[in-house]
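The next block holds one structure in the form of structure tokens; read it before the comments.
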Amino acid sequence: MEFFKLSEWAAKGWEETTWADWEDETEEQGEDDQSEDQVDTSPPDVETWFHDCLISLSPANDVLVISHEERAVFLQQKWDPDAKDGTDCKYQIVFKGTLNQEDGECITSVLCVPLASQKRSSHGAPDWTCVVVGFTSGYVRIYTESGSLLLSQLLHEDPVLKLKCRTLDIPRYPGLPEQQEELTILYPSALVTIDGFSLFQSLRACRNQLARAAADGVDAIRPPPLVYKKWGLQHQDAIVDHISTGLVTPCAFDQLHTASILGGFQASIKSSPPVSNRYITAGAGPFVGFFYALDGTSQPLLSEVAMAVASKLKSALFSAASGWLGLGGKQKPQEDQGNQKTRPKVEPATSLPIRFGLPDLRRHGDSISLAPGLNLAVTTDSFGRIVLLDVNKSVAVRMWKGYRDAQCGWIQVMEELHREKGSRSEITKQQQRRVALFLVIYAPRRGILEVWNTQQGPRVAAFNVPKSCRLLSPGYGVMGLNNLSIHDSRFRPQVLQCCLLETSGLVRSIQVPFHLALSDKNSRRAHDLHLMKKLSNLIHHRKSLNEPFSGSVMPILQEFKMPIYKQQALDKALSARGTAPSELVRIVESLESSIHSHGQYLDYESKCLLKYCHAQGQLLAVFTDVQRLHGPDEEKPAVETKDISQEELVNLLNLTQERLSDFFRSVEGSRRHSKQRKFISSRTFSLDVAHFLSCFKVSVTRIARRGSEQPTKEADKQTEVAQEDAKTEGEQDAGIAKDESAVDAASSLERMEDIEEEEGETNDSEDVADIQTHISLREDVAEEKITALGSFFFKSCLQGQVSVESVVRSLQSLNISANPLVLSNLPLFSEIITTNLSSQRTRPLSKRHPHHTPTPCSIVTHVERNPNLGERRQEKLAESRGRHQQPPIRRKCRLRPSFHVSFGGVQDQLPKPRRESVSSKDEEESLELGSPSIELAPDWSKASSDSKFWERLSQQFEDLVALSRVLHTKISKEAVSEMCRRYPRFMEPENGPVPAPIIEYVPSVCLKKLLEGGRGVFSELIAKWVAHHLLPPAFINSITDGRHQVSQAKKSKDSVADKETEEEISQTIDAFHSLCQRLPHSLEQDVMQAHAAWEYVVHWNKNAEITYYLQHAVEHLRVINNPLVQHGVCSMLWHTFLIKRISSAAFLMDKVGKAPKDRLCRRDVGLSDTALPLFLGICCDVLDILYKLEEGSGLTPIMEVEDLWQNIHGPSSLVELALNQPEVNSLLVDLHIQLCSVMWAIMAFQLKSVKVLGLFDFRSKAIFFKELSYAFKPSQAEPDLGLLNTRREFFKIVLSSAIETLPPNFPPEEFEEVVNGDLSSPSPRPRPDKNHPSQTWPTRVYYLADSLFVETDTLKMHHVCELYRSGYDSLTPEILVTISNQTHLATQLMQILGQRLAQMVITPGDAVSVERQSRLPASLVSWLKTLAKMPLRCPNPPIQDTAHLAGQAVGLLPESHSQYPLALQLIEAVGSLT
């Protein structure tokens, strides 16, 4: 089964439908009023099995059930990624089989009910779907979507006719009663209602029991009984279908009316209206019946259980009494008793007489369907009529004829509101959304699907469909929702309202746009929307047109009836990309002429549209003029040019020769260090006419005769709607798909027409004299478009090809200001000039315009004056940044002098109020645009107030050039490797090769960003650069200390790098050293090291698997000289990044009691099992740095900033935050070191049966993972002996695991080489590296033992024995001298000596070993045989090592010891072997 949306399929239906037929409802009514004889009554082409089946589709559109007689098939929707027919979602069979449990039992009704989820993450969303099945036996059984039986109960002994459900819905208006959920079951003479809440809870309990039984391997479950009410429907001859409209509270008049009819004149009236449940049935005698069940008049909900218990008690009492009195009768046959047990007793129904009905003797109802909102219902009957009922008034309001065997469904559509953010609250939006109700009718005999607007609306759509379909309309939603979940839009399910199921397996959903519900007088809207869709399709396929674009669009524009849609269509045509401007001009002129053709009697909307067209024509004319000015060079007259020398450039820019040379040197240096040598001047600034028009906003205003300007709300709404729709390239299909833009436009037009009806002829009154248009730049235009627009206007001006006056004249024709364009493109203009100056030869100056200088000021001074332009210009300069890897502010040498010249003599021309409002402090910061000429002012004293500002700005730009040169310096991998060799690190990567550099790079910076970045912005940017290239910490120290020049010559002699690498390293060092000289305080050594460490940790936190970044951070922390800075940064790193993962790892390892697996590590800690030990080791290093800092050591550093950057502001720097960190408690730091070391040992050696927190006392456990500044005093009581033994055994395991990391010493092939060596000392073997675990872990274990009150002497003896067992005798002498209990050590060494002799004398078992045994005493041989079963890690050490071991054991053992004779025998045995 496949799922397919009807919106695409129904598009053809919209095209084929005649829109004129929709306007004339009489034609449709005449068609519907045809007699039944004229209707096509030929048997439909349908398969008989399809109509005989019972079909139910879940409102969640996930489960479909098809049943016939006793068989059923459950299908579930699943996504098919390999679908080749374009249908991704398909229904697949999840269950098929028979559901009857009694002979002759058949299925009569099915219903799919989705149940809401109770999970916090998806509260209210559909969780699973239950299938309710009714049988001919009266049983109602409920199954899961997989076919497992949940519940089975006999509610009535007649066949089930219909199953219907009602779910919770939001009341549309306040004051309406909230309708509860319920499941209704219709029998021929009874109606059973089950409360939705109790049913939901029962089904959840049954599903939990089923899952538990499946886990235990049990088949049967004990479901709880259903809570229900049963009504006996009386005084109606036949009932075939029903609906439940919920609780009804009548008004006072209806209460009096009902009481007088039922009780007559003497009827008593209650003070409060009775609340009742209303049920409406369809059938015969009467045709439609209305039943009212007073709320609370039914039996208790568990009456079935109570009656069953009472019946059993009654039977037991009577049988006992009859036995005692001798009155017992004959017993019933055994068969009757068996039937009585198998057939449960059914509760009798409560009588419910009919209140009234719609009588029609010959008419028989076939079905009845309730509309959303519970106000309307529709019935089908045996006469082929469809009757629309008003449920509240209980009357028929409309009838359709000629629909035999029709199937009906309902669709409710909400109005889509499109408003600006923050305009109104969400509650107001919800209350103002209008609701449209549509009736869907499927006539299988005619093969047509119709959509009607209710109640008295016309037919809005008709489609030809196959004659063998089924219309499915569930009419309910998800069961189990409450008031909170139903208002939560995040999990509110999308309920399927109506769909069409074909025999081919296609399920076509039906969607109706809201605008089709509007009244018939607005049918022009539907006509224009149809044309709008046609225009959208034409624009989308305009490349395939055989005629000009304007020729295809103009006829469509002529057919529009409403001005609002004419404007939308015009904007859509103007937004077509790639269209020639001449085509758009013809379209605008054609629309203007069509409006003029209506004569001088135009309505207000038409006048506004005429002004709008005129404004668009002006924009197109300006675009054509400017494009003509900037045409190809071959079309322009030849211009004589000349070159400018450096001397003329110095005089022109008022610079010294030295400053100009510095400028060219910085530009060349930045170009040399930049990998991408692209320049702005090489771009092609092409601007499409559609993009050009989209940058401007055209607003229509009404001008009163008094001279006051009143914006017209309706006109503004038209313009806003049109511009929003013009942004969209195409619309959604009309037909049965939603059209949001059409909805918004239609609603705005309807409000406009209402205003017209109220105002009447006010448009022609004396208050309105004229309509005016205003063209302005849009505020929401992207920066790229503004840049392209500015370059489109002023590119040729900067290149000396066009005068500025001609461009400004074109802009002034539109009455728009060029200031926003100039201000937004000042950085771009300056960059173009820099590109021309970077080659030390400017662009040729035109003799035709000798006054024109290619500077931004020459453009600014030709636009209109603006008192606020100076401040905005400075802001734009501050925002200027480098493009294409150029230095961010390399334009300083070309902007400062030119602006100084242009703005220096304009102080006296500023308005007086403005001059007075500027304080003396800010006077040098605020410069105003003045003289329209670019000639120099003769009085240079007027520019003195600006000289300080421009001088400081110039120096800041120079610093920024140096900073940008470093940041954009690309260092190759070879150069980085050579620098790492010259400046070695403290640690080498433990996890394979060095990872690739950090991908994230330094962003482009600007002056504004630096001024607002805080005092640490320079160090932060340099740290990003250092981390990007993985530069060593010693490199930073050598540059800041000035040692790079001395060490450069020494290291270059030993260098193996080529010349290019050497040159690259030299250039990098020069650039970095130059920057450090310019910013000595901001780039102080400790400040940069602290920022570099923080940057590495930030990148490690993004990808915790790369622990090498964390190792880099520790390296930078170690080289920080100031203890206070080092302490603060370490404390911040611990509390920000490390403690959370440490606590998670500790609790996980304590829970599992061993080293956790990779899956658990990734889930709880976020690290793999291989990265976790490295992480724990680095955490120990960070804590070691904190612990070794002396209290009160070091002076508090003063965070100085260069005088040039004193006005910098922003967030606090990292060093300032580090200095504010509280002093840590060394005891608490030591405690965390112990914990991290224990965890590190467990993960490094993969230990088992170890509880991490079990190695610490209760006081320590309570203090873990608190702030390191927390006041903590360790317990003074002696530790428990059991805890000490646990710690001792753990440390022994760690020592053994550390020794096992050593490679096997003296393999068999090397044994013969050292047999005849010197016996006075162990054989010399290479020692392991100092960073090897066998060398580092014993030291850490001894430290932990001292901290945890464990005797180290025992651990050292164990360490020595493990070394002897592994054959590393040469590593033991330095440990032997530190052991105090020499006697106990000697006994353990004798044990190892005996094991070695047993491996040589007892274990081989050959003739040589037997001969050796004969030489030894019998007691010694017996003792060696007991030791032969204890294997050694190195079973065959050299004989000289064994002899040396024997000497050590005898030398340490006193002569008075009981084992001293055994030691002498061992020495003799070793001597006999040599």
Side-chain angles (χ1 to χ4, degrees), residues 959 963 966-967 998 1000-1003 1005 1009-1033 1035-1037 1039-1040 1072 1075-1076 1079-1102 1109-1140 1178-1179 1181-1183 1185-1186 1189 1193-1202 1205-1224 1267-1269:
D959 292 347
L963 175 64
V966 174
L967 295 181
I998 298 173
E1000 297 183 9
Y1001 192 47
V1002 185
V1005 294
K1009 181 178 179 181
L1010 293 180
L1011 293 176
E1012 297 177 355
R1015 296 195 169 192
V1017 63
F1018 293 101
S1019 298
E1020 181 181 352
L1021 294 174
I1022 292 299
K1024 292 180 180 291
W1025 175 71
V1026 170
H1028 175 75
H1029 296 291
L1030 302 179
L1031 299 179
F1035 170 75
I1036 299 177
N1037 292 344
I1039 299 298
T1040 54
F1072 192 26
L1075 180 62
C1076 292
L1079 303 171
H1081 301 299
S1082 298
L1083 298 182
E1084 198 267 335
Q1085 175 182 334
D1086 288 349
V1087 176
M1088 281 196 295
Q1089 299 289 3
H1091 278 88
W1094 189 268
E1095 188 68 24
Y1096 276 119
V1097 177
V1098 168
H1099 285 290
W1100 165 81
N1101 191 50
K1102 296 178 182 178
Y1109 293 153
L1110 207 55
Q1111 294 178 2
H1112 273 298
V1114 174
E1115 289 185 8
H1116 286 278
L1117 289 175
R1118 292 183 187 276
V1119 298
I1120 296 178
N1121 297 323
N1122 191 283
L1124 295 180
V1125 177
Q1126 193 179 38
H1127 161 269
V1129 176
C1130 290
S1131 180
M1132 292 175 61
L1133 290 179
W1134 171 260
H1135 292 105
T1136 306
F1137 299 101
L1138 305 181
I1139 189 171
K1140 184 177 180 180
I1178 296 173
C1179 291
D1181 294 337
V1182 174
L1183 293 173
I1185 296 174
L1186 274 174
L1189 293 176
S1193 60
L1195 299 176
T1196 303
I1198 300 176
M1199 294 300 299
E1200 297 182 358
V1201 182
E1202 290 76 15
W1205 299 94
Q1206 288 294 331
N1207 59 341
I1208 197 170
H1209 62 279
S1212 301
S1213 65
L1214 177 66
V1215 177
E1216 291 175 344
L1217 296 175
L1219 294 176
N1220 293 329
Q1221 295 297 312
E1223 188 174 354
V1224 299
E1267 296 286 340
L1268 294 181
S1269 59

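Predicted, not measured: the structure shown is a model, and the values here were computed from it.
Evaluation of the side-chain hydrogen bond (donor to acceptor under 3.5 Å, both in side chains) rule for E1200 yields H1081 as partners, not counting sequence neighbours. Residues passing the side-chain hydrogen bond (donor to acceptor under 3.5 Å, both in side chains) test with Q1089, sequence neighbours excluded: N1037, H1116. For F1035, the ring-ring contact (aromatic ring centres under 6.0 Å, His included) criterion is met by Y983, F1072, not counting sequence neighbours. Looking at residues two or more places apart in sequence or on another chain, you find a salt bridge (charged side-chain N to carboxylate O under 4.0 Å, His left out) between D959 and R1078. Applying the side-chain hydrogen bond (donor to acceptor under 3.5 Å, both in side chains) criterion to W1134, with sequence neighbours excluded, gives no partner residue. Listed by chain and residue number, E1202 satisfy the side-chain hydrogen bond (donor to acceptor under 3.5 Å, both in side chains) test with S1082 (two or more places apart in sequence, or in another chain).
I1022 has its side chain within reach of L963: a pair of non-hydrogen atoms, C-beta onward, lies under 4.5 Å apart. At a threshold of 4.5 Å between non-hydrogen side-chain atoms, the residues I1178 and Y1109 do not count as touching. Using a 4.5 Å cut-off on side-chain heavy atoms (C-beta onward), K1009 and V1017 make no contact. Looking at M1132 and L1217, their side chains come closer than 4.5 Å, going by heavy atoms from C-beta outward.
Between the side chain of H1112 and the main chain of A1093, no donor-acceptor pair closer than 3.5 Å is present.
The minimum heavy-atom distance linking L1214 with A1090 is given by the pair CD2-O, 3.5 Å. Here the closest heavy-atom approach between residue L1117 and residue C1130 is recorded as CD1-SG, 3.8 Å. Nearest heavy-atom pair, L1010 versus I1208, reported as atom, atom and distance to 0.1 Å: O-CD1, 3.0 Å. A pairwise comparison of heavy atoms in M1088 and S1019 identifies CG-OG, 4.2 Å as the closest pair. For the pair S1213 and G1016, the tightest heavy-atom approach, listed with the atom from each and the gap, is CB-N, 3.6 Å.
A distance of 4.0 Å separates CD in E1095 from NZ in K1024, rounded to the nearest 0.5 Å. Between the CD1 atom of I1036 and the CD atom of Q1085 there is a distance of 8.5 Å, given to the nearest 0.5 Å. Once rounded to the nearest 0.5 Å, the distance linking CG of N1121 with CD of Q1126 reads 8.5 Å.
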Does Y1096 form a side chain to side chain contact (heavy atoms under 4.5 Å, CB included) with V1114? I'd like the steps, not just the answer.
CA-CA 9 Å; Y1096 276 119; V1114 174; over 6 Å; no
Would you sort out whether D1086 and V1215 count as a side chain to side chain contact (heavy atoms under 4.5 Å, CB included), showing the intermediate values?
CA-CA 9 Å; D1086 288 349; V1215 177; over 6 Å; no
Pair H1135-L1268, side chain to side chain contact (heavy atoms under 4.5 Å, CB included): steps then yes or no
CA-CA 9 Å; H1135 292 105; L1268 294 181; 3.8 Å; yes
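Below 30°, between 30° and 60°, or above 60°: for F1137 and W1094 the angle between ring planes is above 60°, a perpendicular geometry.
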